[in-house]
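Values below: all heavy atoms of this structure, side chains included; hydrogens, waters and symmetry mates excluded. Sequence lines set the chain letters: A, B, ... in the order given, protein chains first and strands last, and positions in each chain run from 1.
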There are 2 protein chains.
Amino acid sequence: MALGRPREFDTDTALDLALHVFWRKGYEGASMADLTEAMGITKPSLYAAFGNKEDLFRKALDRYVDGPGGYFRTGLKKPTAREAVEHILYESVEAVTDPKNPGCLAVQGALCCGDAAETIKQELTARRSKSEEDLRLRFTRAIAEGDLPADADAGDLARYVSAILQGMAVQAAGGAPREQLRKLADMAMRSWPPV
Amino acid sequence: MALGRPREFDTDTALDLALHVFWRKGYEGASMADLTEAMGITKPSLYAAFGNKEDLFRKALDRYVDGPGGYFRTGLKKPTAREAVEHILYESVEAVTDPKNPGCLAVQGALCCGDAAETIKQELTARRSKSEEDLRLRFTRAIAEGDLPADADAGDLARYVSAILQGMAVQAAGGAPREQLRKLADMAMRSWPPV
DNA sequence: GGACTTATCTACTGAACGGTAGAAAACTTT
DNA sequence: AAAGTTTTCTACCGTTCAGTAGATAAGTCC
């Protein structure tokens with residue numbers, strides 16, 4: 001066992017609780033008081049375990065990507081581009097319409113912000129770009145493998161799917177019901193691949 | 001002329017300056033210090049002229065809708081649904097990629113927030129819903145007039161266009177270049193109306 | 001000119017912000 | 001049991017937040 005007084009809370013569950021606060025309120029909107037209250041720990045414990053607010057957010061974001069946002073990576077592994085897009089779109093609908101925390105952390109965490117949160121905004125921007133790039137690479141492979149038209153533009157398709165996902169995230173943040181977003185995904189799929 | 005000491009600044013230009021601060025930083029991210037500095041007035045002058053921060057934001061939002069966001073209303077007046085969507089999409093691309101303040105105020109003003117800004121978030125959500133409803137009504141008319149298929153679902157189409165617009169806003173907030181968003185609009189138009 | 005009205009300024013309020021000092025408590029090691 | 005290590009707690013730090021009091025200045029009205 002580790003030296004010293006043992007920690008009285010589980011860091012993973014505490015991080016999950018912090019994640020949900022950030023998810024609902026955004027980086028700037030979530031105060032340290034909000035976070036400690038939700039996590040059930042005091043501020044010094046939080047700082048000792050996770051660093052500062054920015055560190056905590058980054059750790060929560062990692063957890064988000066591996067947990068509630070894991071459908072993205074899973075989808076990329078599907079055998080065809082169509083199946084990948086289908087999986088990502090419909091799983092995204094379920095994720096962003098979770099009534100406990102509607103929307104997408106990568107979109108609403110810090111879409112724009114005051115000066116203090118600028119680096120967090122950049123981090124989220126970079127993550128969204130990375131996701132779009134992952135889609136692009138997947139579509140490039142699909143073109144090579146013949147399950148997308150040879151004259152398709154992988155970059156355009158990736159941007160299109162990203163925009164749909166982000167649009168759904170905005171609508172979900174506004175309380176759009178699951179049903180409606182499913183119909184949105186239906187529409188996107190009916191015209192896939194877009195010409 | 002009005003009674004009392006005359007105001008030394010123009011309220012409309014001051015409101016424009018405030019609008020651009022809110023646009024770049026969001027409601028929570030824009031501090032009163034940011035605002036007064038940009039507007040070139042002191043805090044008491046601001047409060048006397050515009051009320052409190054929330055009032056100021058609402059007035060800036062009205063100005064946004066009538067100014068930089070005016071393309072939406074203009075587009076709805078186009079003779080056909082296709083022309084309306086085309087106008088709104090391409091004008092939106094220009095608006096959200098304005099390098100001075102990328103993105104859309106109605107999306108990034110308060111997509112999610114702390115408790116204090118909750119009413120602002122609701123106001124923005126309501127405005128986005130209103131826009132979607134305006135699109136739906138326009139498409140309903142278009143179906144009646146025969147410039148959309150009789151079996152089209154006006155609500156679905158409105159949601160789809162809204163999602164594209166909001167997705168573009170998110171991408172623009174992340175610095176997506178105008179060229180790329182134009183190609184996104186191209187794709188949306190090529191498959192219009194979506195089946 | 002004097003009364004009245006409104007805008008402007010400096011200086012300030014209380015509350016909330018992120019973050020920390022320092023002492024006490026709980027464990028392992030020897 | 002004593003030493004060493006780490007967590008926990010209360011209480012606090014300085015800063016920034018939105019918002020305001022009160023005095024002064026600049027006009028109009030009579």
B:Lys25 has an atom NZ; how far is it from atom C1' of D:dC17, in whole Å?
14 Å

Euclidean distance, atom CD of residue B:Glu8 to atom P of D:dA25 [Å, nearest integer]:
13 Å

With the side chain defined as heavy atoms from C-beta on, A:Leu3 is closest, among C:dT28, C:dA24, C:dA7, to C:dT28

Check residues 114-122 of chain A and write down every donor-acceptor pair under 3.5 Å in which the side-chain atom is one partner and the other belongs to a residue at least two apart or another chain.
from     : atom 1 : to      : atom 2 : distance (Å)
A:Asp115 : OD1    : B:Lys25 : NZ     : 2.9
A:Asp115 : OD2    : B:Lys25 : NZ     : 3.2
A:Thr119 : OG1    : A:Glu54 : OE2    : 3.1

Find the distance B:Phe9:CZ to D:dA26:C1' and express it as a whole number of Å.
15 Å

Which sits closer to the 5' end of DNA chain D, B:Ser31 or A:Arg7, going by the nucleotide each is nearest to?
A:Arg7

May I ask you to list the residues of residues 38-60 of chain A, by number, that have any heavy atom positioned under 4.0 Å from an atom of DNA chain C?
A:Lys43, A:Pro44, A:Tyr47, A:Asn52, A:Lys53

Under 3.5 Å, is there a donor-acceptor pair linking the side chains of B:Asp16 and B:Thr13?
no

Nearest-Å distance, CG (A:Asp115) to P (D:dT15)?
18 Å

Rounded off to whole Å, could you give me the CD-to-P distance for the A:Glu28 and D:dT16 pair?
15 Å

Just the rounded figure in Å: distance from C1' of D:dA18 to CD of B:Glu37.
17 Å

Under a plain distance cut-off of 3.5 Å, with no hydrogens placed, do A:Tyr47 and A:Asp55 share a side-chain donor-acceptor pair?
no

Report the hydrophobic cluster partners of A:Leu111, with the cluster defined as I, L, V, M, F, W, Y residues connected by side-chain heavy atoms closer than 4.5 angstrom, directly or transitively.
A:Val107, A:Val170, B:Val107, B:Leu111, B:Val170

Expressed in angstrom and rounded to an integer, what is the separation of A:Met32 atom CE from D:dT16 atom P?
18 Å

Centroid separation B:Phe57 to B:Trp23 less than 6.0 Å:
no

Taking atom types as modelled, is there a side-chain donor on B:Ser131 or B:Asp134 under 3.5 Å from an acceptor on the other?
no

Going by modelled atom types, is there a donor-acceptor pair between the base of D:dT7 and the side chain of A:Arg5 at under 3.5 Å?
yes

